[in-house]
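Below is one structure, written out as structure tokens; the observations come after it.
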Amino acid sequence: DKLFKQGARPTDDNYLLRMNDLFDYETAKYDYFKYNKVGIYEVKAMKSFFPKIVQVERARTNSGATPKSFEEKKEVVWNGIHILGRIDRWDETHDGYAIIDYKYKNFYDLRETDDFQKLDVQLPLYALIMKQERGHYPTEILWFSLKKNPAFVQAYNPENLDRFAEELKAFFDKWFTEDVPLQGAE
């Protein structure tokens with residue numbers, strides 16, 4: 001986010017150097033990363049992934065994707081339900097736009113399932129938010145894995161978003177009424 005706001009782009013020759021410098025600056029603020037053996041190891045491990053992260057980001061940029069926003073707070077009312085979210089990133093693409101969620105920890109295969117109760121709803125909810133803002137669903141819903149083998153991974157098939165919206169509405173209609181306030185977390 002900070003590199004982007006500073007005008008840096010993955011295709012810049014000095015992008016990796018700037019990424020390392022900013023990371024060093026940010027982690028130096030915390031004793032955990034300076035004095036704790038686990039923290040020191042985490043910094044080294046993350047920095048070892050930077051060259052591959054830059055390579056993957058450059059390939060995405062060269063394919064026509066342009067990051068438009070990072071850590072953007074969104075708020076909509078969908079079917080009478082107030083939804084708040086903070087979208088890690090969204091890109092303009094040659095055929096629409098993409099929602100991207102950064103993952104450093106291992107993520108499980110939480111992609112589509114026929115069991116609505118087991119579905120990871122974060123990104124499909126963000127897609128509903130963005131549809132209200134942009135008038136159409138994203139063409140891509142991705143995780144950006146930052147661990148070991150950095151890569152963009154399809155998190156959810158946008159073709160299934162209408163079905164998701166129907167099931168989500170049915171879920172809320174069944175379990176929540178005006179008499180039972182819905183408590184949320186950000």
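Sequence positions, counted from 1, serve as the residue numbers for this chain.
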Roughly how far, to the nearest 0.5 Å, is CG of L142 from CG of D88? 12.0 Å
Run through N14, D21, L22, L16 and flag the one making a side-chain contact (heavy atoms from CB on, under 4.5 Å) with R18. N14
Does any part of the side chain of K47, heavy atoms only, come nearer than 4.5 Å to the side chain of N20, both counted from C-beta? yes
Where do A127 and Y137 come nearest, in terms of heavy atoms and distance? O-CD2, 3.9 Å
Whether over 12 other heavy atoms sit under 6.0 Å from H94 NE2: no
Would you mind reporting whether Q122 and I141 have side-chain heavy atoms less than 4.5 Å apart? no
Apply the test side chain to side chain contact (heavy atoms under 4.5 Å, CB included) to residues I129 and W78: give CA-CA distance (whole Å), side-chain angles for both, the deciding distance (0.1 Å), then the verdict. CA-CA 8 Å; I129 290 171; W78 175 82; over 6 Å; no
Look up atom CZ in F70 and atom CD1 in I100, then write down how far apart they are to the nearest 0.5 Å. 8.0 Å
Is it the case that atom OH in Y30 sees more than 12 heavy atoms from other parts of the structure closer than 6.0 Å? no
Smallest separation among heavy atoms of P158 and P138, with atom names: CB-O, 3.3 Å
For the residue pair I40 and Y32, establish whether any side-chain heavy-atom pair is separated by less than 4.5 Å. no
Hey, is the main chain of D12 close enough, under 3.5 Å, to the side chain of R58 for a donor-acceptor pair? yes
Run the salt bridge (charged side-chain N to carboxylate O under 4.0 Å, His left out) test on K34 and D31 for me, step by step, so that the C-alpha distance in whole Å, both residues' side-chain angles and the decisive distance to 0.1 Å come before the verdict. CA-CA 5 Å; K34 292 191 288 188; D31 288 344; 3.8 Å; yes
Aromatic rings F144 and F152: how do their planes relate, parallel, tilted or perpendicular, breaks at 30° and 60°? parallel
According to a 4.5 Å side-chain heavy-atom criterion applied to Ile, Leu, Val, Met, Phe, Trp and Tyr, with indirect links allowed, do Y41 and F23 form part of one hydrophobic cluster? no
Going from CD on E133 to CE on M130, what distance comes out if it is rounded to the nearest 0.5 angstrom? 5.0 Å
For the residue pair R134 and Y97, would you count it as a cation-pi contact if the rule is NZ or CZ under 6.0 angstrom from the ring centre and within 45 degrees of the ring axis? yes
With distance as the sole test, does Q132 use its side chain to make a donor-acceptor pair with the main-chain N or O of V77 at under 3.5 Å? yes
Minimal non-hydrogen separation, A165 against L128, with atom names: CB-CD2, 3.9 Å
Could you check whether atom NZ of K37 has more than 12 heavy atoms from other residues, nucleotides or ligands sitting under 6.0 Å from it? no
Are Y126 and K74 packed together at the side-chain level, in the sense that at least one heavy-atom pair is separated by less than 4.5 angstrom? no
Value rounded to 0.5 Å, distance of NZ in K131 from CG in L161: 8.5 Å
Quick one: does R9's side chain get under 4.5 Å of T61's, heavy atoms only? no
Is there a path of hydrophobic side-chain contacts, each under 4.5 Å between heavy atoms, that joins Y35 and Y25? no
Are R163 and E167 side-chain neighbours, meaning at least one heavy-atom pair lies under 4.5 Å? yes
The salt bridge (Lys or Arg N to Asp or Glu O under 4.0 Å) partners of K68 (sequence neighbours excluded) come to none
Nearest 0.5 Å, what's the OG1-CD distance between T139 and E92? 9.5 Å
Rounded to the nearest 0.5 angstrom, the CZ-CG distance for R89 and D101 is 11.5 Å
When you compare the side chain of K103 with that of V153, does any pair of heavy atoms fall below 4.5 Å? no
Do L17 and L3 share a hydrophobic cluster, counting only Ile, Leu, Val, Met, Phe, Trp and Tyr and linking them when any side-chain heavy atoms are less than 4.5 Å apart? no
Short side-chain to backbone donor-acceptor contact, N157 and E159, under 3.5 Å: yes
What are the two closest heavy atoms between G39 and F33, and how far apart are they? O-CD2, 3.5 Å
Counting C-beta onward and ignoring hydrogens, is there a side-chain heavy-atom pair between L146 and F49 closer than 4.5 Å? no
The test is side chain to side chain contact (heavy atoms under 4.5 Å, CB included); show your working for D91 and R60 and say whether it passes. CA-CA 10 Å; D91 291 359; R60 183 160 176 80; 2.9 Å; yes
